[in-house]
Protein chains: 2
Amino acid sequence: MGLPIYLKIAEDIKEKINNGELKPGDAIYSENALCKAYNASRMTVRRGLALLANEGYIYSIPGKGNFVQEPDYNSYTLYYNEMENLVNSIDKTKLLEVNIILPDYKLINSLQVTRNKKIIVIRRLFFTEGEPVAYDVKYLPYYKGMPIVEKEIRYATFPQMVAKRTSLFAIKKELVISAQMPDEETKKYLNIYNELPLMVVEQKLYDREGKPIGLGITSFRGDYCKLYAESFFSDSKTAEKYKNEVSENANNLGDK
Amino acid sequence: MGLPIYLKIAEDIKEKINNGELKPGDAIYSENALCKAYNASRMTVRRGLALLANEGYIYSIPGKGNFVQEPDYNSYTLYYNEMENLVNSIDKTKLLEVNIILPDYKLINSLQVTRNKKIIVIRRLFFTEGEPVAYDVKYLPYYKGMPIVEKEIRYATFPQMVAKRTSLFAIKKELVISAQMPDEETKKYLNIYNELPLMVVEQKLYDREGKPIGLGITSFRGDYCKLYAESFFSDSKTAEKYKNEVSENANNLGDK
DNA sequence: AAGTGGTCTAGACCACTCC
DNA sequence: GAGTGGTCTAGACCACTTC
């Protein structure tokens, strides 16, 4: 069959872990044992084990062996894009303000700048089908020669805004998500007349050295925002590619 | 130096990507070229590249080459544990109800069961320093011989509850996060007398075959719950162990 | 035909753990 | 000292893309 040996090894062990044959803390067969069992070279066996290690299934202790890892119960992957979420997609934005200000106490702390540092403020409203659904504020320390392009300001997400200055690979991003009641100003912007909470997402970006390079606060109408997260144990990804082949091969062998 | 060659290769290329020398879509030196440049065997070079691929920095096209990957702007890692979050840790729970019910329409849909399937309901209150901070409901399809242990019911998180039935490795977890206003009952439970929103986290667990095995809804007082997420480009993990040595080497590059 | 990445081998030396 | 994992080599054959 077309399934590479290293994948076969990884899948077999993964299956043993998934069905409970191997439990967290248990030792796996040694690499040499696996070499013999699969009639494979050690590099091939190690490649299979490396896969499992990458997916969080096993870990190794030099001199002792490979062991089944305790799974991480509390880790999820969250997809967040202020322009797009479960409930709505932003189809229009309105620029409320673009300005350069001096930071107040909170901003000085959050962006770790001096009180004389100029800060760009961008305040926007996000619309979905004519309805205002989110109030968005970004704070960016101003640097000389920083390009400010109208179109970008209107339609860019936060990472896109700073991409001009730094490689996006180098950026660390943080989110703090909370439920809050809107103040009077926000109520007005978002056409809130009754008791309706906000989903507030605070987004902070850091450069490679860990220095903050931007703070964004997006306040969604509670009825227009749901965030979605999932635990992905990257199970299938590895063998997915071969899945068809496997079933094909089951039917017709031997051509090519 | 103690830094393994494959790590050195990976770090060098990563640096080129981070500082913008290599941009998304750009081709990397071919594996053979890297072999010569680092005076290394191809397996070693490929190990370095495999690292970068795993971290989302590059991808490869057979027959063409390795290329710099466009980073994923919208992906974050969220840590969620209903008993523990940014603001508070649950130090006491109160069991409101443990019961077996027949599912209503919504549960039938959500858990994908028949209307005759028995469902376990567990309703709890979570406390922090004497204050009720969250109202928690879990729905679990009932299976014969399912152990129900008082202590577990009181203090277990959702994944822990189902761990008895299925290997946790095999579980897929989903979260849907929203901001809502409390109903009268919840207000009473959580001592809410004024306008205070809820952070509602809906948690759904699936077994290996994708069948739902549990639904949980936790309603936190808005002032007692903040969720935290971060983008981790697993940068450091790889080289962390060698960091001291890396900075040593940073001074005397430029050879070759 | 030449170059690329994908898989794999059969060794090697090292540092470590366990006995 | 025997066994373990960690690193690495110098080849090999394959399928693929490009010219």
Side-chain angles (χ1 to χ4, degrees), chain A residues 1-13 22 25-54 56-69 237-246 248-249 254-256, chain B residues 1-13 22 25-54 57-69 237-243 245-246 249:
Chain A
M1 61 175 170
L3 193 75
I5 304 175
Y6 74 94
L7 265 185
K8 169 82 174 138
I9 295 174
E11 294 295 315
D12 282 358
I13 297 177
L22 288 170
D26 285 359
I28 314 245
Y29 290 125
S30 80
E31 297 180 356
N32 278 321
L34 288 170
C35 288
K36 284 171 194 161
Y38 286 88
N39 193 28
S41 80
R42 191 154 157 245
M43 285 303 266
T44 301
V45 168
R46 283 179 60 75
R47 193 167 168 194
L49 296 180
L51 259 185
L52 295 176
N54 266 320
Y57 278 87
I58 65 172
Y59 63 96
S60 64
I61 301 179
K64 298 190 75 173
N66 286 285
F67 302 87
V68 179
Q69 175 78 261
K237 277 200 304 186
T238 44
E240 196 119 300
K241 183 174 135 200
Y242 293 91
K243 243 166 205 171
N244 299 328
E245 291 177 30
V246 170
E248 273 173 31
N249 289 2
D255 56 334
K256 143 175 342 191
Chain B
M1 59 172 176
L3 191 74
I5 303 175
Y6 74 94
L7 264 185
K8 169 83 172 138
I9 295 174
E11 293 296 315
D12 282 358
I13 297 177
L22 288 171
D26 286 359
I28 314 244
Y29 290 125
S30 80
E31 296 179 357
N32 278 320
L34 288 169
C35 288
K36 284 172 194 161
Y38 286 91
N39 194 27
S41 79
R42 195 161 151 238
M43 284 304 265
T44 302
V45 167
R46 282 180 59 76
R47 192 167 169 192
L49 296 181
L51 260 185
L52 295 176
N54 266 320
Y57 278 87
I58 65 172
Y59 62 96
S60 64
I61 302 180
K64 297 188 76 172
N66 287 283
F67 302 87
V68 179
Q69 176 79 261
K237 275 201 305 187
T238 45
E240 195 120 302
K241 182 172 138 199
Y242 296 93
K243 233 169 206 167
E245 297 172 28
V246 170
N249 290 2

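Residue numbers start from 1 in every chain, and the chains themselves are labelled A, B, ... in the order their sequence lines are given, proteins ahead of strands.
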Sequence neighbours excluded, the answer for side-chain hydrogen bond (donor to acceptor under 3.5 Å, both in side chains) partners of Ser30(B) is none
Find the distance between CD1 (Ile13(B)) and CG (Leu52(B)) and round it off to the nearest 0.5 Å.
5.5 Å
Could you state the CG-C1' distance from Leu49(A) to dG5(D), rounded to the nearest angstrom?
10 Å
Drop me the distance from Thr44(A)'s OG1 to Ile9(A)'s CD1, to the nearest 0.5 angstrom.
7.0 Å
Is Lys8(B) close to Leu3(B) at the side-chain level, that is, under 4.5 Å between some pair of heavy atoms?
yes
dC8(C) phosphate, OP1 or OP2, under 4.0 Å from Tyr6(A) side-chain N/O:
no
Is there a side-chain contact between Ser60(B) and the phosphate of dG6(C), meaning an N or O under 4.0 Å from OP1 or OP2?
yes
Partners passing ring-ring contact (aromatic ring centres under 6.0 Å, His included) against Tyr59(A) (at least two apart in sequence or in another chain)
Phe67(A)
Starting at atom CG of Leu52(A), determine the distance to atom C1' of dG5(D), rounded to an integer number of angstrom.
15 Å
Pick out the pairs of N or O atoms, protein on one side and nucleotides 17-19 of chain C on the other, that lie under 3.5 Å.
{"from": "dC18(C)", "atom 1": "OP1", "to": "Lys64(A)", "atom 2": "NZ", "distance (Å)": "3.0"}

Protein-nucleotide distance (Tyr29(B), atom OH; dG5(C), atom P), rounded to Å
14 Å
Rounded distance (nearest 0.5 Å) linking atom CG of Leu34(B) with atom CG of Asn39(B):
12.5 Å
Protein-nucleotide distance (Asn32(B), atom CG; dA12(D), atom P), rounded to Å
13 Å
Ile28(B) atom CD1 is separated from dT4(C) atom C1', nearest whole Å, by 14 Å
Rounded to whole Å, the NZ-P distance (Lys8(A) to dG6(C)) equals 23 Å
Those residues that, when tested against Ala50(B), pass side chain to side chain contact (heavy atoms under 4.5 Å, CB included) (two or more places apart):
none
Among all residues two or more places apart in sequence or in another chain, which pass the side chain to side chain contact (heavy atoms under 4.5 Å, CB included) test with Ser60(A)?
Asn66(A)
Tell me whether the side-chain N/O atoms of Arg46(A) come closer than 4.0 Å to OP1 or OP2 in dG6(D).
yes
Write down the distance between CZ (Arg47(A)) and P (dG5(C)), rounded to a whole number of angstrom.
14 Å
Within a strict 4.5 Å, meaning less than it, do heavy atoms of the Tyr38(A) and Asp12(A) side chains meet?
yes
Leu3(A) CG - dG6(C) C1' separation (whole Å)
14 Å
List every contact pair, protein side and nucleotides 9-11 of chain C side both N or O, where the distance is under 3.5 Å.
{"from": "dT9(C)", "atom 1": "OP2", "to": "Ser41(A)", "atom 2": "N", "distance (Å)": "2.8"}
{"from": "dT9(C)", "atom 1": "OP2", "to": "Ser41(A)", "atom 2": "OG", "distance (Å)": "3.1"}
{"from": "dT9(C)", "atom 1": "OP2", "to": "Thr44(A)", "atom 2": "OG1", "distance (Å)": "2.6"}

